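Quantities reported herein were computed from a predicted structural model and do not represent experimental measurements.
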Amino acid sequence: MSKAEIADEAGVSLSAVSVHVERLIHEKLIKLSHIGESSGGRKPKQYSVNPDYGLILSIVMGSSFVQVAFTNFDCDILCLKTSPIHISDGPEKVLSFTNRLAEQLLEQYKLNKSSIKGIGIGIPGPVDFSLGIPIAPPIMPGWDRFPIREYWAKLYDCPCYVDNDVNVMALGEYTKGLNFTTENLLFVKIGTGIGSGIVYDGKLYRGTTGSAGDIGHFDTGRDQICWCGNKGCLEAVAGGKAIVSKGKELALAGKSGFLLTRLQDHGELTLDDIGAGLLKLDPMAVELVRESGTVIGQVLASVVNFSNPSLVVLGGKVSGFGDLFLAAIRQSVYQRSLPLATRNLQINKSVLGDTAGLTGGAFMTIDQLILQATDDDGNHFLN
C-alpha cells in the first residue's frame, strides 16, 4: 500500500502516516516493495511488511497436543513440530517440554535464536490478554494465573503474547486463510470442547474480560451434566468428548458392532474411531455425527440471529468429519435463523485447517510488535 492508501484506510492524515511509515522503515519492520501505477502524477511508492525482519515463535496448545512453529513476518510457517502432551501435567512440565521442541527446530533448521522477535501462544482456556495469564482454565489444573508471558520472555529475551486458542485460530483464518476479505466472521472450534472466536469489523473481539465467544456453555435444553455444573451445555451434549462417550455407550449396548470391535481392540474409543465408523457407514457413527451437527447448528442459529456474521468457519477435530457434519450444521442454521440473517451467510470449513492457530499466533504477535513500535506518541494519531 502507498502512504495515501494507508491514510485513507486508517482515516488519519497523510502527515501522520508518513511519520509512522518512516519510523517503521527505520525499525526495518516494513520495506519499500513496489512502485505503483501513476494516476496522473508521480508514481506512488508502495510498502509492505518486511518478511525477513526476523522470526516469530508460534505455539498452540490443546488438551492433548502442542504445535510449535517458526514463521517469518508474513506469517508463513517455515518449520513445524507437533507432539502429544497432557495439559494437566501443569505449566512447568508442559512449557519446559514445549521449549525443547522449539530448540530442536532451531537446531534442525539452523535458525538463529537471536532472530526471534516475538512469541505468540494460544492455550485452551480463558486468558487475560493484557497480563498474558490463564484465568481459572477448567481443563488446565495448576495453570491459573501462571505467568506464561514472563516465562517465555525470559527464555528468549523478546515479547510474548498469550491468547485463547480459538481467538488465534480466528485471526489466522481471517488474515491468511481469507486474506482480510470477510470482516465479520465467527470461527467455531469443535474438538473435545466447543468454543468460538469473533472477528467484528475486521478486528478480533475479546469482550470486556476476554471471555467473548464461549458458546460451549449455551443451554441446549438437554439433561447431560457439564463439567461446569450446569445441565445441557452445548459442549457436554455435542462436543468431541460427548460424541465419544455416547459411542462407547452404544457399543457396550450392542448397537454398533464396529464401535464395539474398536473398543475391544484398543481398550477405549476416540474421535478417530468415530471417524473410521463414518467411512465404514456404521449407522451409529453416522447418527452420532449428524446429531452433534444438528445441535451445534441450533445454537449457531441463535448466534447468527444475534450477531449477523457473513461467514461461519468450522475448525477443530470434529469439523474433519466431512460433508455429513457440515450439512447437519447448515440445515439447522438455515432452518432456525431469520431469512435476513442468512441472506448472505456462508458456513464453511476452515481454509487453513490445523495451521490456523499457528498462523494466527504469528499475526497476533506481529500486530502487537508493530503497535508497540508506533504507540509511544499519541500526538501522531491525533493530527
R206 vs N167, test: side chain to side chain contact (heavy atoms under 4.5 Å, CB included). Steps then yes/no. CA-CA 8 Å; R206 294 185 175 91; N167 282 345; 4.1 Å; yes
When you look at I59 and W152, which way does the side chain to side chain contact (heavy atoms under 4.5 Å, CB included) test go after all the steps? CA-CA 11 Å; I59 300 167; W152 286 96; 3.7 Å; yes
Would you please test T294 and Q331 for side chain to side chain contact (heavy atoms under 4.5 Å, CB included) and show each step? CA-CA 8 Å; T294 298; Q331 181 178 359; over 6 Å; no
Are L300 and L186 close enough, and set up right, to give a side chain to side chain contact (heavy atoms under 4.5 Å, CB included), and what steps lead you there? CA-CA 10 Å; L300 289 179; L186 184 73; 3.9 Å; yes
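Note on L358 and I85: separate hydrophobic clusters, where clusters join Ile, Leu, Val, Met, Phe, Trp and Tyr whose side-chain heavy atoms are under 4.5 Å apart, directly or indirectly. No path of Ile, Leu, Val, Met, Phe, Trp and Tyr side chains, each step under 4.5 Å between heavy atoms, connects V94 with V60, placing them in separate hydrophobic clusters. Hydrophobic clustering keeps L279 apart from V244 (ILVMFWY residues linked when any side-chain heavy atoms are closer than 4.5 Å, directly or through intermediates). I194 and F65 are not part of a single hydrophobic cluster, where members link through side-chain heavy atoms under 4.5 Å apart. Taking hydrophobic clusters as Ile, Leu, Val, Met, Phe, Trp and Tyr residues chained together by side-chain heavy-atom distances below 4.5 Å, I123 shares a cluster with L155.
Taken from CG in L345 to CG in L185, the straight-line distance is 11.0 Å, to the nearest 0.5 Å. One finds the CE atom of M364 at 9.0 Å from the OH atom of Y161 (value rounded to the nearest 0.5 Å). Annotation: the span from L57 atom CG to S115 atom OG amounts to 12.5 Å, rounded to 0.5 Å. The distance from the CG atom of L371 to the CG atom of D367 is 5.0 Å, given to the nearest 0.5 Å. Rounding to the nearest 0.5 angstrom, the gap separating the SG atom in C226 from the CG atom in D219 is 10.5 Å. Between the OG atom in S15 and the NZ atom in K3 there is a gap of 11.0 Å [rounded to 0.5 Å].
With a 4.5 Å cut-off on side-chain heavy atoms, K45 and I35 count as touching. Side-chain contact between T71 and T359 is absent, with no heavy atoms from C-beta onward closer than 4.5 Å. Taking the side chain as every heavy atom from C-beta outward, I133 and I148 never approach each other to under 4.5 Å. Annotation: side chain of I198 is not in contact with side chain of L204 (no heavy-atom distance under 4.5 Å). Using a 4.5 Å cut-off on side-chain heavy atoms (C-beta onward), D128 and T209 make no contact. Side-chain atoms of L101 and Q104, non-hydrogen and from C-beta on, do get closer than 4.5 Å to each other. For the pair L106 and F70, the minimum side-chain heavy-atom distance is below 4.5 Å. L314 is not listed as a side-chain neighbour of N348, based on a closest heavy-atom distance of 4.5 Å or more.
Formation of a donor-acceptor pair under 3.5 Å by the S96 side chain with backbone atoms of K93 is not found in this model. In terms of modelled atom types and a separation under 3.5 Å, the side chain of S307 and the main chain of V303 share a donor-acceptor contact. S33 places a side-chain N or O within donor-acceptor distance of the main-chain N or O of Q46, the cut-off being under 3.5 Å. A donor-acceptor pair under 3.5 Å links the side-chain atoms of N50 to the main chain of D52, judged by distance alone. Judged by distance alone, with hydrogens and angles left aside, the side-chain atoms of S337 form no donor-acceptor pair with the main-chain N or O of Y334 at under 3.5 Å. Judged purely by atom type and a 3.5 angstrom limit, S13 uses its side chain to pair as donor or acceptor with the backbone of A16. Checked by atom type and distance alone, the side chain of W143 pairs as donor or acceptor with a backbone atom of I87 at under 3.5 Å. Using modelled atom types, one side-chain atom of R222 and one backbone atom of T220 make a donor-acceptor pair closer than 3.5 Å. At distances below 3.5 Å, at least one donor-acceptor pair connects side-chain atoms of H266 with backbone N or O atoms of R262. No donor-acceptor pair under 3.5 Å is formed between the side chain of S332 and the backbone N or O of G297.
Qualifying side-chain contact (heavy atoms from CB on, under 4.5 Å) partners for S350, counting only residues two or more places apart in sequence or in other chains: E173, F187, V313, L352, A356. Not counting sequence neighbours, the partners of R290 by the salt bridge (Lys or Arg N to Asp or Glu O under 4.0 Å) test are E287. Applying the salt bridge (Lys or Arg N to Asp or Glu O under 4.0 Å) test to D272 and every residue at least two apart in sequence or in another chain returns K317.
Judged by distance alone, the side chains of R343 and N308 never bring a donor and an acceptor atom under 3.5 Å apart. No hydrogens or angles considered: a donor-acceptor pair under 3.5 Å links the side chains of S256 and D282. Side-chain contact of S114 with N112: a donor-acceptor pair under 3.5 Å is present, judged by distance alone.
For the residue pair G357 and S58, the shortest heavy atom distance occurs at O-OG, 4.2 Å. Pairing each heavy atom of P91 with each of F146, the nearest pair is CG-CD1, 3.5 Å. Taking all atoms of both residues into account, the shortest heavy-atom contact from D273 to L259 is O-CD2, 4.1 Å. Shown here for C233 and C228, the closest heavy-atom pair between the two residues is SG-SG, 3.6 Å. Taking every heavy atom of both residues into account, S292 and A238 meet most closely at OG-O, 2.7 Å. When all heavy atoms are compared, the tightest approach of V168 to G122 is CG2-CA, 4.1 Å.
The distance between the ring centers of F180 and Y174 falls below 6.0 angstrom.
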Contacts under 3.5 angstrom, residues 74-83 side chains, donor-acceptor by atom type, not counting sequence neighbours:
residue: D76; atom: OD1; partner: K176; partner atom: NZ; Å: 3.1
residue: D76; atom: OD2; partner: N72; partner atom: ND2; Å: 3.4

Could you list the donor-acceptor pairs under 3.5 angstrom formed between side-chain atoms of residues 135-142 and any protein atom two or more places apart in sequence or on another chain?
none

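The only member of T192, I296, I274, I190 that meets side-chain contact (heavy atoms from CB on, under 4.5 Å) when paired with V318 is I190. Here the rule is salt bridge (Lys or Arg N to Asp or Glu O under 4.0 Å) with K189, and of D214, D165, D354 only D165 fits it. Screening D323, I347, T342 for a side-chain contact (heavy atoms from CB on, under 4.5 Å) with R330, the sole residue that qualifies is I347.
The local environment of CG in D201 is crowded, with over 12 non-hydrogen atoms from other residues, nucleotides or ligands closer than 6.0 Å. Around atom CD of Q108, more than 12 heavy atoms belonging to other residues, nucleotides or ligands sit under 6.0 Å away.
Relative to the ring axis of Y156, K113 places its NZ or CZ within 45° and under 6.0 Å from the centre. Within the cation-pi definition used here (under 6.0 Å to the ring centroid, within 45° of the axis), K31 does not qualify as a partner of Y47.
Under the side-chain hydrogen bond (donor to acceptor under 3.5 Å, both in side chains) criterion, the residue pairs touching residues 231-247 are W227-E235, with sequence neighbours excluded.
Aromatic ring pairs are classed by plane angle as parallel below 30°, tilted from 30° to 60° and perpendicular above 60°; the pair Y53 and F73 is perpendicular.
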